[in-house]
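Read through the structure below, which is laid out as C-alpha cells, and then see the notes.
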Amino acid sequence: MIGSVQRAMRLLECVAAHGYGAPAKQLARETGLALPTAYHLLRTLVHEGYLRREKGLFFLGEAAERLSRSGVEQKRRSIVVDALSNWRDAIDAPVYYAVYRAGEVEVVGVSDTPEHPAVEEWADFRETAHAHAVGLCLLSQLDEAGRRDHLRRYPVQPVTPYTVRDRHSVLTRLERLPRMAPVTEHQEYALGYVCAAIPVTVGSTPAAVALSLPAHQAGRLLPTVRRLQHEMGRLLGPLAPSITI
C-alpha cells in the first residue's frame, strides 16, 4: 500500500463530508494526520485540482467533481444495463434501449444472448429511422415539425422490399399511431426479423425500449410486447432517474 495515497484519499473523503468547507486543522484532526502532513497533502490536492481553497477553507475542486459525475454516470448506465438484461430474460428475446437526442437516433444499450442475438445494424440506424420500429417509435414522439426536419435530413429510402417507400407514407403512418402506443414493423429494416418498440416518457427526451424476434415467430410479437410492457411497468419507477442517460 502507498501510505501517501491513502492519506490523501482520507483527506478527500473528509472534505467531501463538509459541504461548507473545513480548515486544515480540523481536517488534520478528523483524519488523524499530523498538521504538517495534512498541509502538504492539501496543497498538492489543490494544485492538482481535486481541492480548492477559499478563505482558509477547503472544498472539493473541479477534478473531484468530474470524478463524481463520472461515477454517477457509470452507476446510471449500470442500472440501465441490468434492467435490459432482466427484461431480456423475462421475454426471451433481445431488448434495445434508444433515445432521440440532438436530432439523432441513438441506441444506448442492447442486451441479447448467443441463442437470441440482436439484429445486426447493417444500415445506419440514424439514417433509417423510417424503416425500423425504434426509429418510428422515437419519431412518433416528436411534433410534426420535428418529424419533417428529421426526414428532410435523412430522406426516406427503401431498406428492404417491405420498407415504406416515401416520406408522405411515413408521415401518414406516424400521424395515425395512437399516442404512446407500441410500434411494430415486419422485416422493414432487416429481412428475417420482426420488431416492436414501446415509447418511454421520462423527462423531455423521447426514448424507446424495443425487442426483436425471428420473422417465423411473428405470432409471438404482440404477446411479447405486452409482457415487456408489464415488466417495464414494474421497474420504470425506480429506473426513471437513470433511463435518460
Side-chain angles (χ1 to χ4, degrees), residues 79-80 83-84 86-88 90-91 93-111 119 125-156 159 162-190 193-213 218-245:
I79 292 172
V80 172
L84 294 179
N86 289 334
W87 295 337
R88 176 203 67 203
I91 67 173
V95 177
Y96 313 75
Y97 174 56
V99 298
Y100 193 82
R101 186 156 41 203
E104 302 291 347
V105 173
E106 180 181 344
V107 178
V108 178
V110 179
S111 184
V119 175
F125 241 49
R126 296 169 301 175
E127 299 178 4
T128 56
H130 62 281
H132 48 75
V134 166
L136 290 167
C137 186
L138 294 174
L139 293 179
S140 74
Q141 298 175 59
L142 304 180
D143 59 19
E144 183 177 356
R147 296 171 187 173
R148 290 183 178 276
D149 173 71
H150 184 92
L151 296 178
R152 176 185 57 78
R153 291 182 289 113
Y154 298 112
V156 174
V159 180
Y162 302 94
T163 308
V164 174
R165 293 304 204 213
D166 60 83
R167 172 175 166 171
H168 175 74
S169 298
V170 174
L171 290 171
T172 300
R173 179 178 183 177
L174 292 171
E175 289 170 2
R176 291 177 177 174
L177 283 172
R179 177 171 171 74
M180 302 308 289
V183 180
T184 62
E185 57 95 350
H186 292 66
Q187 304 190 78
E188 295 179 48
Y189 173 77
Y193 288 94
V194 296
C195 303
I198 300 167
V200 177
T201 300
V202 182
S204 59
T205 302
V209 174
L211 67 100
S212 62
L213 293 171
R220 283 186 57 209
L221 189 59
L222 291 181
T224 306
V225 168
R226 289 193 288 271
R227 178 67 186 275
L228 179 56
Q229 286 178 307
H230 173 74
E231 295 296 326
M232 288 170 59
R234 295 193 307 109
L235 279 180
L236 272 183
L239 189 61
S242 303
I243 198 88
T244 54
I245 61 174

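One is the number of the first residue; the rest follow in order along the sequence. Because only heavy atoms are used, hydrogens play no part in the values below, and waters and symmetry mates are left out as well, while side chains stay in. As the structure is a computational prediction, the values presented were derived from the model and not from experiment.
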After noting the C-alpha distance and the side-chain angles of Val105 and His150, does the key distance pass the side chain to side chain contact (heavy atoms under 4.5 Å, CB included) rule? CA-CA 10 Å; Val105 173; His150 184 92; 4.3 Å; yes
Could you walk me through whether Tyr96 and Ser111 pass side chain to side chain contact (heavy atoms under 4.5 Å, CB included), step by step? CA-CA 6 Å; Tyr96 313 75; Ser111 184; over 6 Å; no
Would Leu228 and Val225 count as a side chain to side chain contact (heavy atoms under 4.5 Å, CB included) here? Give the steps. CA-CA 5 Å; Leu228 179 56; Val225 168; 5.7 Å; no
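A distance of 12.0 Å separates CD in Glu185 from OH in Tyr162, rounded to the nearest 0.5 Å. For the atom pair SG of Cys195 and CG of Leu213, the computed distance is 8.0 Å after rounding to the nearest 0.5 Å. Separating the CZ atom in Arg227 from the CE atom in Met232 is a distance of 14.0 Å, to the nearest 0.5 Å. Separating the CD1 atom in Ile198 from the CD atom in Glu231 is a distance of 10.5 Å, to the nearest 0.5 Å. Here Leu139 contributes atom CG and Asp149 contributes atom CG; the two are 10.5 Å apart, rounded to the nearest 0.5 Å.
By the 4.5 Å heavy-atom criterion applied to side chains, Val194 and Ser212 are not counted as neighbours. Considering only heavy atoms from C-beta on, Leu84 stays 4.5 Å or farther from Val110 through its side chain. Side-chain contact check for Leu211 versus Thr224: some heavy-atom pair is nearer than 4.5 Å. Between Tyr100 and Leu142, some side-chain heavy-atom pair lies under the 4.5 Å cut-off. Taking 4.5 Å as the limit, some side-chain heavy atom of Val95 sits within range of a side-chain heavy atom of Val209.
For the pair Val159 and Ala131, the tightest heavy-atom approach, listed with the atom from each and the gap, is CG2-CB, 3.7 Å. A pairwise comparison of heavy atoms in Ala197 and Cys137 identifies CB-CB, 3.6 Å as the closest pair. Closest non-hydrogen pair, Leu138 versus Ala98, comes out as CD2-O, 4.1 Å.
Among Val164, Asp166, Leu151, the single residue meeting the side-chain contact (heavy atoms from CB on, under 4.5 Å) criterion with Leu171 is Leu151.
The side-chain hydrogen bond (donor to acceptor under 3.5 Å, both in side chains) contacts involving residues 128-146 comprise Glu144-Arg148, where partners must be two or more places apart or lie in separate chains. Residue pairs meeting the salt bridge (charged side-chain N to carboxylate O under 4.0 Å, His left out) criterion with at least one partner in residues 167-181, sequence neighbours excluded, are Arg173-Glu188.
A salt bridge links Arg101 to Glu106: at least one charged side-chain nitrogen sits closer than 4.0 Å to a carboxylate oxygen.
In this structure, the ring of Phe125 has its center less than 6.0 angstrom from the ring center of Tyr189. Note: His186 and Tyr193 fail the aromatic proximity criterion, with ring centroids not under 6.0 Å apart.
Ser169 places no side-chain N or O within 3.5 Å of a backbone atom of Arg165 that could act as its donor or acceptor partner. Between the side chain of Arg153 and the main chain of Gly103, a donor-acceptor pair closer than 3.5 Å is present.
With a 6.0 Å radius and a threshold of 12 heavy atoms from other residues, nucleotides or ligands, Arg220 has its CZ atom above the threshold.
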